[in-house]
Amino acid sequence: MPELPEVETTRRGLTPHLVGKHITEVRVRDARLRWPVPDDYAALMRGARIDAIERRAKYLLWHSAAGTSIVHLGMSGSLRVISPEIAPRKHDHIEWQLDSGMVVRLHDPRRFGCVLWAADADSHTLIKNLGPEPLGNEFHGDWLFERSRGRKQAIKTFIMDAKQVVGVGNIYASEALFRAGILPTRAAGRVSRARYEGLAAAIRSVLSDAISAGGTTLRDFLNDSGEPGYFKQSLSVYGRAEEACKVCGQAVRTKVIGQRSSFYCTTCQR
DNA sequence: CGACACACCTGGATGC
DNA sequence: TGCATCCAGGTGTGTC
């Protein structure tokens with residue numbers, strides 16, 4: 001169920017179990033992910049010691065001396081650390097055996113995720129052209145303002161474009177625009193510098209709030225519930241069509257923008 | 001280049 | 001209960 005906060009929560013949950021450990025075996029039960037798991041993936045990973053797990057956009061980068069495994073959870077993926085005695089479930093496609101005795105399993109019913117290998121992750125085609133991290137220093141209102149000049153596309157589509165800023169998914173795009181008071185349909189090129197400053201702050205705050213909320217599930221990382229970390233009750237507009245706006249009471253509107261459901265309040269957003 | 005539609009895939013909810 | 005339909009949190013690719 002991964003938006004950026006869930007991926008970051010996964011990274012934090014995985015780190016103590018994986019960093020410093022060796023991969024003793026990899027079992028690929030179903031290689032048919034978004035791109036096939038490379039034929040030599042298991043051979044490349046076997047024996048590797050994981051030095052660090054980094055998150056770039058929604059990609060998890062498992063760094064080792066020989067190279068990096070690039071893991072994406074797609075729409076429906078999740079990773080768990082579990083005892084190997086527990087039988088794999090349906091859609092548990094890949095399993096990494098660790099020298100600690102535990103296994104990491106990738107569960108992904110829709111198979112939109114990927115598991116790849118790169119000798120140098122920074123130069124990989126999936127990674128090299130990504131925009132700034134929303135929680136990093138290069139991301140701010142001026143960046144969005146400059147990048148958006150002359151653009152007619154809806155601002156919601158604009159902030160979901162990974163070349164502008166990574167990690168803003170469909171839920172948090174609606175939430176950030178609500179916090180910033182900007183209608184999602186507004187042309188990106190017709191938003192002022194000052195309002196972009198507010199939007200950048202809203203994107204940062206909505207994502208970091210969700211990461212903090214996700215943190216409460218960290219202790220459950222080894223359990224099999226695997227529930228998403230964000231709290232539905234903390235969402236202001238997403239998934240609340242026809243319900244009362246939490247600020248003004250007006251019915252929350254919904255509209256498809258760029259083929260994605262979008263939620264907003266016409267009183268609070270202009 | 002920019003903007004947009006489409007593709008991939010399974011399963012859960014809803015409606016008849 | 002069964003079956004058809006719609007919808008879902010991502011994002012690379014192809015087309016105009």
Side-chain angles (χ1 to χ4, degrees), chain A residues 1-10 29-37 55-60 70-79 89-94 106-116 118 124-131 133-134 144 146-178 184-190 203 206-207 209-211 213-214 217 226-242 254-263:
Chain A
M1 335 282 175
E3 284 242 8
L4 182 141
E6 288 69 50
V7 178
E8 176 61 20
T9 298
T10 297
R29 296 199 167 81
D30 191 343
R32 298 172 304 161
L33 300 185
R34 180 162 191 193
W35 297 281
V37 179
R55 181 188 56 72
R56 179 71 176 98
K58 292 172 192 162
Y59 295 95
L60 288 169
I70 301 174
V71 177
H72 196 287
L73 301 176
M75 291 271 256
S76 58
S78 60
L79 288 165
R89 302 167 294 172
K90 190 179 183 183
H91 304 306
D92 278 354
H93 304 313
I94 303 185
L106 172 72
H107 181 80
D108 186 5
R110 292 176 76 179
R111 293 192 276 115
F112 285 174
C114 68
V115 172
L116 299 170
H124 193 277
T125 48
L126 292 176
I127 306 293
K128 65 182 179 192
N129 294 323
L130 292 171
E133 288 289 328
L144 288 178
E146 301 297 343
R147 306 267 306 178
S148 63
R149 291 310 86 189
R151 291 187 182 255
K152 295 179 173 175
Q153 82 185 137
I155 189 162
K156 175 163 179 275
T157 316
F158 177 73
I159 60 172
M160 290 180 69
D161 178 352
K163 291 192 293 301
Q164 316 308 337
V165 55
V166 301
V168 181
N170 198 39
I171 292 177
Y172 295 111
S174 281
E175 292 296 309
L177 287 164
F178 176 78
T185 47
R186 179 169 290 281
R190 301 197 51 227
I203 288 171
V206 81
L207 291 175
D209 288 355
I211 289 169
T217 64
E227 290 309 306
Y230 56 77
F231 295 160
K232 205 160 196 292
Q233 67 266 27
S234 72
L235 298 176
S236 296
V237 285
Y238 185 85
R240 300 190 64 247
E242 306 308 319
T254 181
K255 175 180 244 178
V256 175
I257 302 169
Q259 352 267 100
R260 312 302 299 260
S261 299
S262 311
F263 300 85

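Predicted model, so just to flag it, every value in this text is computed and none were measured. Naming: A, B, ... by sequence-line order, numbering from 1 per chain.
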Quiz prompt | nucleotides 11-16 of chain C: protein proximity per nucleotide (B base, S sugar-phosphate only, - neither; heavy atom, under 4.0 Å) | solution = BB----

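Taken to the nearest 0.5 Å, the CG atom of L177(A) stands 8.0 Å off from the NZ atom of K156(A). A distance of 4.0 Å separates OH in Y59(A) from CG in L126(A), rounded to the nearest 0.5 Å. Put simply, CZ on R186(A) and NZ on K152(A) are 15.5 Å apart, with the number rounded to the nearest 0.5 Å. C114(A) contributes atom SG, which lies 9.5 Å from atom CD1 of I94(A) (distance to the nearest 0.5 angstrom). To the nearest 0.5 Å, atom OH of residue Y172(A) and atom CG of residue L235(A) are 6.0 Å apart.
Read 5' to 3', the first and last nucleotides of DNA chain B with an atom closer than 4.0 Å to a heavy atom of chain A are dG2(B) to dG11(B).
Positionally, the nearest nucleotide of DNA chain B for K163(A) lies more toward the 5' end than for the other of K163(A) and G258(A). Residue order along DNA chain B, read from the 5' end via each residue's closest nucleotide, puts T157(A) first among F112(A) and T157(A).
Remark: K58(A) pairs with no residue by the side chain to side chain donor-acceptor pair (under 3.5 Å) rule, at least two apart or across chains. Not counting sequence neighbours, R151(A) has no partner by the salt bridge (Lys or Arg N to Asp or Glu O under 4.0 Å) test. Taking A118(A) as the reference, I70(A), H124(A) meet the side chain to side chain contact (heavy atoms under 4.5 Å, CB included) condition, with sequence neighbours excluded.
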Quiz item: Can you give the dot-bracket line for DNA chain B, where a pair is Watson-Crick or G-U wobble with both atom distances under 3.5 Å, crossing pairs use [ ], and | marks a partner on another strand?
Solution: .|||||||.|||||||

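No contact: T125(A) has no heavy atom under 4.0 Å from any strand. Residue contacts shown for R151(A) are limited to sugar-phosphate atoms, with no base heavy atom under 4.0 Å away.
E8(A) contributes no side-chain N or O that, together with a main-chain N or O of R55(A), makes up a donor-acceptor pair within less than 3.5 Å. With hydrogens and angles disregarded, no donor-acceptor distance shorter than 3.5 Å links the side chain of R34(A) to the backbone of R111(A). Although no hydrogens or angles enter the test, the distance criterion places a donor-acceptor pair under 3.5 Å between the side chain of S262(A) and the main chain of R260(A).
Across the protein-nucleic acid pair, R110(A) atom CZ and dC7(C) atom P stand 13 Å apart, rounded to whole Å. In this structure, the CG atom of D108(A) is 11 Å from the C1' atom of dG10(C), given to the nearest Å. At whole-Å resolution of the value, CD1 in I127(A) and C1' in dG10(C) are 14 Å apart. When rounded to the nearest whole Å, the span between OH of Y172(A) and C1' of dA8(C) equals 15 Å.
For the P atoms, the distance from dC6(C) to dC6(B) is 15 Å, rounded to whole Å.
In terms of phosphate contacts, S76(A) brings no side-chain nitrogen or oxygen within less than 4.0 Å of OP1 or OP2 of dA8(C).
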